[in-house]
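Everything below concerns the one structure shown next.
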Amino acid sequence: MFEVLIDQFWSLTIAGVALGFIYVLVSLGYTMVYGVLRMINFANSEIFMWGTFGTIITSRDIFGYTQTSAPATGPKLALVLISQLLMSMAVAGLTAVFVEYVAYRRLRAKGTNRLATLISAIGISIVLSELMRLLTDSRPVGSPRVLEKIILGEVWGANLRLDTIVTIFAAAGIYFLLERFVKLSRMGKAIRAVSMNEDAAKLMGVNLNRVITTTFLVGGLATGAAAFFYITVFEYTKFNIGFTMGMAAFTAAVLGGIGNIRGAFYGGLFLGLLEVYASAVLGTQWKAVTVFIVLVLVLLFKPNGLFGEAVQTTRA
Amino acid sequence: MASTRKTLLKLDNVTMKFGGVTALNGVNLEVKEGEILALIGPNGAGKTTVFNVITGVYKQTSGIVDFDGISLGNQKRYQVTALGVARTFQNIRLWGDMTALENVITATDVHKKSGLVGALFGFPRARREETENRERAMEILRFIGIDEYSDRLAKNLPYGVQRRLEIARALGTGPKLVLLDEPAAGFNPAEKVELAATIKRVRDAGYTVLLIEHDMSLIMGISDRVVVLDFGTKIADDIPSVVQKDPRVIEAYLGVPADAS
Amino acid sequence: MKIRNYWNLRDFGANLWENASRPKRVAIALISIGFVALLPFMGASFLATPIASYDAVLVYPVGMFVLMSLGLNIVVGKSGMLDLGYVAFFAIGAYTMAILGTTTKLNTWEVMPIGIALSMIAGVLLGIPTLRLRGDYLAIVTLGFGEIVRLVLLNSSWSKGPNGIANVPMPPNIGPLKFELENQKVFFWVVMAMILLTIWMIRRLTVRRPGRAWEAIRQDEDAAELMGVHTLKYKIWSFTLGAAVGGAAGVLYASKNLYIAPEMFTLNVSILILACVVFGGIGNIWGVVIGATILGYLPDRIRFISDARLLVFGLVLVIVMNFRPDGLLPRKKREKAIVKREANA
C-alpha cells in the first residue's frame, strides 16, 4: 500500500508543492473575501474555472496553437505564457468583480441576513458554471502544449519537470507580491483595516464599497493566476472543474485559519502535499474524500485553523 | 440587614483578558438574594464583560464565578439560563419576527421537559406544558405592563415596549437573578421613572437584580448597593449615598459629562 | 397598496382559513386534497407534457420535488441553516432501497423505516461536528458531504460503482391499487400521502416548542442560547428531520425508477431543491409547495427550459434573493391579520 509513496517520495513531493502553490493562490480568493466580508466567496471555484478557459483561449485562439503544433521556444514562449497568465488573471478578476456586483452588493446595501447572501452567491456560481457548460456542450477542453515539459534534471531520483518548476517559482513570486500589496499599499492597509473592524474603518473614512470590490478583484487575480498554472501543469479543463478545486482551496484556507493570508500559504502547501501523498496511498479516486475528511476534522478539532486567526463561531 | 442575606452570586477574583487587553482585573463581586445591585463605571470599564462572563458568553481567564453554590465556569450558556440567570441586552436582541407573547413563551420553555417527539404526537404533557407556558407568559406581560402588545410582532413594537419586553423575556426563563444591561438607554425622564418602578416591582416579586446603568438618579433611587468598575477593576462597593461621595469614584467620572451614555 | 391586497394570495388564503368554521375548514381541506388527487387524470388537457409521460412527471420531478423541498425547508426555512448536500440523504434512502430490495425479501414499505433511519443517522453524524459552527461553514461542509456520498457510491463495489443497481423491486400493491410503470397514478398518490404527512409534521412542530426554538435560532442564535434554548440539540433535530424526509423520498424514488446510479445524485439535485424552496418562499409551507410544483413542472412543459434547467434555477436564486427575498408566498406574518382586525373593530 505504501510502496508507491516510498518509491516516489521525492517526485510526489515536488508535484505536491506545485499543486500546493496552486491551492495557495486559489485560497487567497476565499481568505481575502472572508476577511473583509466574513462571508465565504462561494463563486470562487467558478472564477477559477473561467480563468482556466481564459488561459486556453489565449493560446488556442489568439496565438493559434493546436493540439499538434510544436511547443513554443525563446521569446515567443515567454510572450505566450505571460499573455496567458495576464488573460487568465484578467478574466478571473473581472468575473470576481462581476460576482461581487451582482450577488453581494445589493444585498449588502439592504443589510439582509446572511442566508440570502449565501443563496445569492450560490446562485451566481451555478449560473457561471452552467453558462460554461452550455457554451462548451459539457465537453472537456484540452489545452495545446505551449511549454514543453522538459526534464531539467534529477534530484534524489525525482525528475524536475520544467512546468512544475515554473509553477512553483512563479506562483510563489505572485504570492509574495500579493502579500506585499496587502501589507504595504494604501489599499492593502484599508483592506486589513476593514477585516479587523469594519465600523471603525468606515469611521476613519475608508470607502467600504471600493475596498470590497478591490478585495474581490485581488482575490480573483490570485485565483486567475492559479488557473493559468493549473492549465500549464494539467493541460485540460471542463465546466465543472471548479468544484473539486474550490473544496480543496477552501479547505486549505480553513486549515490555515480563514481570513489570514499567511494561513492560506501554509494551508495550501500542506494540503497540496497531503493530497498527493494520500492519492499515492489510497488511489486518486479518493482524493476528494481525503480533502473533505481533513476539512471536517479541522472544523471539529481546530476550527481556528492550524496556523492562525479565529473562525468566529458566533456573531456576538 | 442586607449583609445577613444569602449570597446568590459571587465573583471571586475574576480576570478576563482579550489578547493583550485586560477587560476585568481580579474583580470580586457579591450579589445578595433579593437586592438590587447596580454596576456602574465609565465606558469601557468592563460592565458588560461582567455580564458576558456570568452568562457564559466569555470564559473568564481566571477566577471563579459561583452562582447559588454552583460554579458557572463549565456551564454552557443555555445551562446557565436553566440554573436561574437571565439577562437583557444593551442593544435590543428580541426575535423580531415573533410576537411579544411568543418571545416570552420561548423563554419559558427552558424549564419544561417535553421535547420534539411529544410536540409531534401531542402527548398530554406537551399539551399541558404549552398551556402552562402561554398562561405564564401572559402573566409576565401583564406584570411588566405590556400585555396589550402581546400579539404584535416584536420588531414593530415601540422602542420603550421593546426594552420592557426584553425584561419580560428574561423573567420568562424563571430566573433567580436578572441581569439588566442598560434597561433605560434612550428613555426620557418620565419613562425612566416608570422603569424604576418596574424594576422595584421585579425585585419585590422575589427576583434578585443586577443592573448596569448610566443614569445616576435612577441608580441612586432604586439600588440597595452600587459597585463601581474602572478599567476592569472594582474601585467602590457600598450603599449609594457612600459611593456618591467616594473620591475615587468622582475621579473616575471626572471629565466625563454627567449624561454620558 | 390597495391593489396589491387583491393579489396577495397569502393573505387571501389566510383570511379564508381564519374566517372558516371547523366543518368549513375540513371541507376546504378535503376538496383541495381531492382536487390534487385527481390531477393525474388531467393529462389530456393543456397540462400535458410533450416528452415525458404526464403522470410520470407528476411523480418525478413534481411530487418528489415538493416532498424534498418540504424536507429541506425544515432546515433552511425553519431554522435558517443552509444545507447544500441535501441530495446525500436522498441518495442514502435510494441506495438503502436498492440494496435491500435486491438482496433481501424486504418490500418498499419495510425498507422505508430503515432508509429513513439511516438518513437520520447520517444527518446526526454530519450535524454534530458542523452545526456548532457558523452558517457558511455548514453550507460548504454539506456541499462537500453531498459530493462525497456520490463519490463513495461511484467508487465502491457494494454499490456496484458507476453501473448502479438495476431491478429494484416495485412496491407491493396496496389492496386494489396496483403500482405500474406505464401508469403512475398510484405512485403519485403515495407521494401525495407522504407530502401530507410531512406537512402535518411541520405544522405540528411549528406551533409548539420545537418551532419556537427553530424560529429563535433563525432570528438570533446567540440570544436564543442565552434564553435557554438548547440550540445544538434543536439544530440537529431540524437537520435530522430534513434528512428523514429526504431519505423517505429516496426510498420511494428507487422503487419507482427501478434503477439507480450515482449520476442521479449530483450536487445539481441539491441546488434544484434549494431553488424550489427559495422560489416559493423560504419558511412558508404553501409557498414551498407551489414553488416546487412550478419549478418541477415547467421544464417538462416548456422544452426550451429543460436544456438550460439549471441555468434558469441559478438565475432564480440570484434574482429572487436580490429582488424578492421572501419568494412568491412570503412567510406568514400573523400580525397583519390581527392589526387589520383591530382596525375594523
Side-chain angles (χ1 to χ4, degrees), chain A residues 30 34 37-42 45 102-107 110 112-131 133-134 240 243-244 246-247 250-251 254 258 283 285-289 291-293 295-301 303 311-316, chain C residues 76-77 80-82 84 126 128-130 132-141 143-145 147-148 150-152 154-156 161 218-223 225-226 266-268 270-272 274-275 277-278 282 307-323 325-326:
Chain A
Y30 286 101
Y34 189 91
L37 285 188
R38 300 279 160 216
M39 224 175 293
I40 294 169
N41 179 7
F42 247 98
S45 48
V102 174
Y104 288 87
R105 177 162 295 188
R106 200 187 147 83
L107 286 168
K110 276 206 283 188
T112 11
N113 58 22
R114 315 176 63 83
L115 187 66
T117 317
L118 267 180
I119 294 174
S120 162
I122 287 153
I124 201 74
S125 55
I126 298 297
V127 169
L128 286 174
S129 89
E130 274 301 291
L131 212 55
R133 184 181 75 79
L134 295 171
N240 61 4
F243 185 88
T244 338
M247 272 318 274
F250 177 76
T251 304
V254 173
I258 195 161
Q285 74 270 33
W286 297 112
K287 209 166 62 179
V289 181
V291 169
F292 177 73
I293 291 171
L295 175 62
V296 171
L297 289 179
V298 173
L299 289 178
L300 194 54
F301 296 110
V311 166
Q312 291 188 329
T313 49
T314 65
R315 287 157 289 169
Chain C
V76 180
M81 306 182 294
L82 190 49
L84 293 177
L126 181 66
I128 287 173
T130 50
R132 291 169 202 276
L133 294 159
R134 263 207 358 214
D136 13 10
Y137 283 85
L138 180 71
I140 213 149
V141 172
L143 182 77
F145 177 70
E147 197 60 10
I148 292 311
R150 188 182 69 83
L151 282 175
V152 170
L154 191 67
N155 292 314
S156 301
R218 185 179 69 80
Q219 293 182 34
D220 188 336
E221 190 175 335
D222 293 321
E225 200 175 10
L226 286 165
T266 57
L267 167 69
N268 299 352
S270 301
I271 301 296
L272 293 180
L274 179 68
V277 173
V278 167
I282 303 181
D307 295 331
R309 183 189 293 220
L310 211 55
L311 182 69
V312 171
F313 283 21
L315 284 171
V316 163
L317 290 178
V318 180
I319 293 168
V320 171
M321 277 303 114
N322 277 280
F323 297 101
D326 291 330

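By convention in this document, chain letters (A, B, ...) are assigned in the order of the sequence lines, proteins followed by strands, and residues within each chain are numbered from 1.
For a residue to count as touching a neighbouring chain, one of its non-hydrogen atoms must lie under 4.5 Å from one of that chain's; by this rule C:Ile319 does not touch chain A. Neither the backbone nor the side chain of A:Val291 comes within contact range of chain C; no heavy atom of the residue lies under 4.5 Å from a heavy atom of that chain. Both the backbone and the side chain of A:Ile124 come within less than 4.5 Å of a heavy atom of chain C. Using a 4.5 Å cut-off between heavy atoms, C:Val316 does not touch chain A at all. Heavy-atom distances place both the backbone and the side chain of A:Leu107 under 4.5 Å from chain C.
Atom CZ of residue C:Arg132 and atom CG of residue A:Leu299 lie 12.0 Å apart, to the nearest 0.5 angstrom. For the atom pair CD1 (C:Ile282) and CD1 (A:Ile119), the distance works out to 4.0 Å, reported to the nearest 0.5 Å. Taken from CZ in A:Phe243 to OG1 in C:Thr266, the straight-line distance is 10.0 Å, to the nearest 0.5 Å. Note that the CG atom of A:Leu115 and the CZ atom of C:Arg218 stand 8.5 Å from one another [nearest 0.5 Å]. A distance of 11.0 Å separates NZ in A:Lys287 from CG in C:Leu151, rounded to the nearest 0.5 Å.
In this pair, A:Phe292 and C:Phe145 present their aromatic rings tilted. The plane angle is within the 30 to 60° band.
When each of A:Gln285, A:Met247, A:Lys110, A:Arg106 is checked for heavy-atom pairs under 4.5 Å with chain C, A:Arg106 comes out on top. Comparing C:Val278, C:Leu317, C:Ile140, C:Val141 by heavy-atom pairs within less than 4.5 Å of chain A, the highest count is held by C:Ile140. When each of C:Thr130, C:Val152, C:Leu82, C:Leu315 is scored by its heavy-atom pairs under 4.5 Å with chain A, the top score falls to C:Leu82. Most heavy-atom pairs under 4.5 Å with chain C, from the set A:Leu295, A:Val102, A:Val127: that is A:Val127.
Proximity of C:Leu143 to A:Phe250: side-chain heavy atoms (C-beta onward) are nowhere separated by under 4.5 Å. Inter-residue side-chain proximity for C:Phe313 and A:Ile126 is flagged as unmet; no heavy-atom pair is nearer than 4.5 Å.
C:Asn322 and A:Ser120 make their closest contact through ND2-OG, 3.5 Å (heavy atoms, listed as atom of the first residue, atom of the second, distance).
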